[in-house]
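Reading through the structure tokens given below for one structure.
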Amino acid sequence: MLSLSLVGQGSAQPAAGPSCSPATDGSNPCPRKLHIHAQQPLSTMATVGQAMFFDPSLSGSGKFSCASCHVPALHYGPAGKTAVFMGGAAGDREGRREIPSLTYLERQPPFSIGPDDAVADDVAPTIAVPVTGGAHAAKSAINTASSATNLVPQGGLFLDGRADTLHQQASGPMFDPDEMAGSPEKVSARLKTADYAAPLRALAGIRGQKSSDFLLSEGLFALARYQIENQAFHPYSSKFDAWLQGNARFTPIEREGYMLFNDPKKGNCAACHVDTVRADGLPPLFTDHQYEALAAPRNPALQHTHDAGYYDLGVCDQKPGGRKDLAPYCGMFATPTLRNTATRNTFFHNGVFHSLDDVMDFYVLRDLEPERFYPRGPDGKVQAYNDIPAAYQGNVDKTDAPFDRKPGQAPALTKAERNAIIAFLKTLTDGWTGETAQADGVQATQTKH
């Protein structure tokens, strides 16, 4: 296994000096001081946003708030194991996609298509879309620069990148007839009568008093400010963050999982879920902000998949005409942060998997044992990539490990190795206090959050 310098670098590159891989005792030989903002008192605007976040009266049914889908106790992710949220005016309409977490979006750049830079949080220029997609330079956990010639979609919010700011994002679920099912008229009326109406009116000024549209825009801005200012949306309080600072030790299985996570010939996870500290001390987000076509199986539990002509193609469905203009990216969905992923019960855009074990098996065995994940057609053949039309199946990633294995080859990771990666992923759960590590006989300290 390569000796990697994974801590304190601006990108994941082979070590040029002493190894910064975890020591044999699980400690970090190259601790870093992380740049983490301390919680400050919320502004008045953010306080209004907080009240709106928990207000079910903003929904068409009067029963659903933002917190109904994005549960604070679950790291602002969904509760339960249902693939999608059941919402709408009567609570009987099925959402289109799984519910993403609202955590760690504070550094998300706007949507663009440009050169692959896995470690950048800033804005990339939008350039022309290539005529064809599919083949691209391989991307690995230790050399993300090798794929810099790729033209990739990146940034944006939602799984298809259709919103550039949290301000824009807030209106999506609020007015979606399958989710909160509110209307601009009803929400504007609520913003004039709610307990938080007075401070919002004061902040909106004369224009807010005269224009319901402007008052609504200010309310959506308040929701965005709440998510930015409340450190609970981006606390960086996991065991991994403590390890980065030299205040925790990995257990043997966590250490093994971390090494496999970064090994370009094994998990290769860090190629997309970047785990390096930026040069300015900002902690890793465990995403490159980009999009991948991984060909998750069609989810027959969802009502709309019963229509044989229905497909959710991610990036290229973010706007009318996208299946033509953005054809090289059809089937691609945003790479989510892996922070707090161990607390989720649904995975992939359609919620088809319900455990990290299922996800890891899919990553490693998708093309080696496709019958495990995809149905057979009337002819008895496995219908691989069955949730992507044949015209776009060339966009599916078959280049980057562990997806580069061919039938008959050994999987990139054994079952035990997959379990080790899952053990590492559990160190990314926020709210770690050191208690788990001490129970395992590891001496570690961490400030309780």
Side-chain angles (χ1 to χ4, degrees), residues 52-71 74 76-102 105 111 156-191 216 219-220 223-224 227 291 296-323 330-334 336 344-354 387-388:
M52 291 179 64
F53 192 86
F54 293 95
D55 186 358
S57 298
L58 297 174
S59 68
S61 66
K63 298 178 180 179
F64 303 129
S65 69
C66 302
S68 298
C69 286
H70 304 287
V71 183
L74 297 174
Y76 297 94
K81 292 190 175 182
T82 22
V84 296
F85 187 74
M86 296 299 294
D92 59 353
R93 296 187 58 146
E94 190 177 76
R96 185 182 177 200
R97 294 174 178 157
E98 72 147 7
I99 301 167
S101 169
L102 288 182
L105 300 178
F111 182 80
L157 298 166
F158 294 111
L159 290 172
D160 57 15
R162 67 185 183 273
D164 282 337
T165 66
L166 288 169
H167 186 180
Q168 295 171 352
Q169 183 272 340
S171 65
M174 185 172 290
F175 302 132
D176 190 318
D178 296 331
E179 297 185 37
M180 288 180 69
S183 67
E185 295 76 19
K186 179 174 182 177
V187 173
S188 295
R190 174 62 178 165
L191 294 181
L216 174 59
L220 296 175
L223 279 171
Q227 293 175 69
Y291 295 75
R298 196 171 181 88
N299 189 351
L302 301 182
Q303 297 169 9
H304 44 251
T305 64
H306 299 169
D307 176 359
Y310 172 86
Y311 291 98
D312 181 359
L313 297 181
V315 170
C316 74
D317 280 346
Q318 66 167 241
K319 65 177 184 177
R323 295 192 181 190
C330 284
M332 292 189 177
F333 293 89
R344 291 188 63 88
N345 292 310
T346 58
F347 299 88
F348 288 99
H349 70 280
N350 57 5
V352 67
F353 295 130
H354 296 281
D387 210 24
I388 300 178

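If you're wondering where the values come from, they're calculated on a predicted model, not measured in any experiment.
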Taking the side chain as C-beta and beyond, is there a heavy-atom pair between Cys316 and Met332 under 4.5 Å? no

Can you tell me if Asn350 uses its side chain to pair, donor with acceptor, with the backbone of Pro297 under 3.5 Å? yes

Rounded to the nearest 0.5 Å, what's the gap from OG1 on Thr305 to OH on Tyr310? Could you check? 8.5 Å

Measure the spacing between NE2 of His349 and CD of Glu98 and express it to the nearest 0.5 Å. 9.0 Å

Centroid-centroid distance, Phe85 to Phe64, less than 6.0 Å: yes

Considering all heavy atoms, the nearest Ser188-Leu216 contact: OG-CB, 3.7 Å

Could you tell me which non-hydrogen atom of Ala83 sits nearest to which non-hydrogen atom of Gly351, and how far apart they are? CB-O, 3.6 Å

For residues Asp387 and Tyr311, determine if any side-chain heavy atom of one lies less than 4.5 Å from a side-chain heavy atom of the other. yes

Distance col, row Ser57:OG vs Leu191:CG, nearest 0.5 angstrom, shows 11.0 Å

If you round to the nearest 0.5 Å, how far is CG of Leu102 from CD of Gln227? 5.0 Å

Would you mind checking if Arg298 and Asp312 are paired as a salt bridge, meaning a charged N to carboxylate O distance below 4.0 Å? no

Less than 4.0 Å between a side-chain N and a carboxylate O, is that true for Asp317 and Arg323? yes

Using only atom types and a distance under 3.5 Å, with no angle test, would you say the side chain of Glu94 pairs donor to acceptor with the backbone of Asp178? no

Check the orientation of Phe53 and Tyr76. Use parallel for under 30°, tilted for 30 to 60°, and perpendicular for over 60°. perpendicular

Side chain of Gln169, backbone of Thr165: donor and acceptor closer than 3.5 Å? no

For the residue pair Glu179 and Arg93, establish whether any side-chain heavy-atom pair is separated by less than 4.5 Å. no

Is Tyr291 reaching over with its side chain to a backbone N or O of Gly161, donor-acceptor style, under 3.5 angstrom? yes

If you round to the nearest 0.5 Å, how far is NZ of Lys186 from CG of Leu58? 8.5 Å

Side chains of Leu223 and Leu166: does their closest heavy-atom pair fall under 4.5 Å? no

Atom pair CD1 (Ile99) and OG1 (Thr82), whose distance is rounded to the nearest 0.5 Å: 7.0 Å

Give a yes or no answer on whether the side chain of Asp164 reaches the backbone of Gly156 with a donor-acceptor pair at less than 3.5 Å. no

Counting only N and O atoms by type, is there a donor-acceptor contact under 3.5 Å from the side chain of Ser171 to the main-chain atoms of Gln168? yes

Can you find a pair of side-chain heavy atoms, one from Leu220 and one from Met174, that are under 4.5 Å apart? yes

Compare every heavy atom of Ser61 with every heavy atom of Gly88, then report the nearest pair and how far apart it is. O-CB, 3.9 Å

Are the side chains of Phe54 and Ser68 in contact, using a 4.5 Å heavy-atom criterion? no

Side-chain heavy-atom pair Phe175, Pro184 within 4.5 angstrom cut-off: yes

Does a side-chain heavy-atom distance below 4.5 Å link Phe111 with Val315? yes

Keeping the roles fixed (side chain from His70, backbone from Gly77), state whether a donor-acceptor pair exists under 3.5 Å. no

Please find the pair of heavy atoms, one from Ser65 and one from Pro56, that lie closest to each other, and give the distance. CB-N, 3.8 Å

Would you call Arg97 and Asp160 a salt bridge, using N to O less than 4.0 angstrom? yes

